[in-house]
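As structure tokens, the structure follows; a few thoughts come after it.
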Amino acid sequence: MTVIGIVGLPGSGKSEAAAVAREAGVPVVTMGDVIRQACRDRGFDPATHHGEMAKTLREEGGPDAIARESLPLIEDRLDDADTVVVDGIRSDVEVERFVEAFGDSFTLVEIHAPDELRAERLDLRGRDAAAEEGGESIAERDERELGFGMGAAMERADVTIVNDASLDAFRAEIERLLADGPDAVADDTTAGDTDE
């Protein structure tokens with residue numbers, strides 16, 4: 001059993017890493033889906049209320065609320081797979097929840113990309129509302145994410161993959177991580193140009 005957690009600022013390449021995993025047949029649990037579902041359940045638009053709902057869920061259920069809601073989904077996927085990827089870890093408290101649940105079977109991978117590339121990717125993907133459309137700017141998103149404890153989570157990463165080159169190079173690095181484990185990419189900083 002292996003659980004690979006993915007952490008990184010918006011636009012770093014987390015969703016692309018998750019897409020590579022799915023294409024390789026590795027199940028992915030996206031923590032943001034828990035938040036988007038909560039938005040829909042409460043009658044809010046996930047594109048404009050995602051950040052607000054993430055904060056609300058943590059205020060209501062504690063800082064590890066979204067991780068706790070994700071655990072049954074991860075455990076369910078592990079019934080049929082040896083490896084599961086968890087996309088969208090936001091805090092060291094969430095990391096701790098997964099370490100408690102999965103022990104040495106849990107590996108945290110940070111995806112890192114320069115700010116200017118992240119901004120370009122967020123503009124290109126069009127998934128979230130722009131600041132002028134009622135959404136958040138990249139600076140506001142970073143501040144919110146870091147406020148959840150993402151900086152502390154990234155510091156706990158077992159492996160960092162720098163995503164600042166080609167998409168193909170980044171995808172190949174994620175494929176190697178999935179096929180050969182974290183030790184295969186631990187000393188690399190190969191990267192790819194992707195959207196989150």
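- Side chain of T30 to main chain of D33: no donor-acceptor pair is present (N/O by atom type, distance under 3.5 Å, no hydrogens or angles).
- Under a 3.5 Å cut-off, the side chain of Q37 and the backbone N or O of V34 do not form any donor-acceptor pair.
- Comment: E173 engages R176 in a salt bridge, judged by a side-chain N to carboxylate O separation of less than 4.0 angstrom.
- The only option from T2, T83, V3, V29 that meets the side chain to side chain contact (heavy atoms under 4.5 Å, CB included) definition with L78 turns out to be V3.
- Atoms CZ and OG, from R97 and S70 in turn, are 11.5 Å apart once rounded to the nearest 0.5 Å.
- The shortest non-hydrogen separation linking C39 to M53 is SG-CB, 3.4 Å.
- Of all heavy-atom pairs spanning R156 and L108, the tightest one is C-CD2, 3.9 Å.
- Counting only heavy atoms from C-beta outward, the side chains of E16 and I111 never approach each other to under 4.5 Å.
- Formation of a donor-acceptor pair under 3.5 Å by the E96 side chain with backbone atoms of D92 is not found in this model.
- At least one donor-acceptor pair closer than 3.5 Å links the side chain of R118 to the backbone N or O of P10.
- Annotation for P63 and S91: closest pair O-OG, 4.2 Å, computed over non-hydrogen atoms.
- Across all their heavy atoms, A157 and T160 have their closest contact at CB-OG1, 4.4 Å.
- Within the 4.5 Å cutoff, side-chain heavy atoms of V109 are placed close to those of I161.
- Closest of all the heavy-atom pairs between P114 and D164 is CD-CB, 3.7 Å.
- Closest non-hydrogen pair, K14 versus V7, comes out as CD-C, 3.8 Å.
- Residue pairs satisfying the salt bridge (Lys or Arg N to Asp or Glu O under 4.0 Å) criterion with at least one member in residues 68-77, sequence neighbours excluded, are listed as follows: D64-R68.
- Here CD of E155 is found 12.5 Å from CE of M150. Values are rounded to the nearest 0.5 Å.
- Summarising the geometry, atom CG belonging to L71 is positioned 10.5 Å from atom CD belonging to E94; distances are rounded to the nearest 0.5 Å.
- A search for ring pair (Phe, Tyr, Trp, His ring centres under 6.0 Å) contacts involving F102 returns nothing, not counting sequence neighbours.
- Residues meeting the side chain to side chain donor-acceptor pair (under 3.5 Å) test with E60, sequence neighbours left out: R42.
- Around atom CG of D79, more than 12 heavy atoms belonging to other residues, nucleotides or ligands sit under 6.0 Å away.
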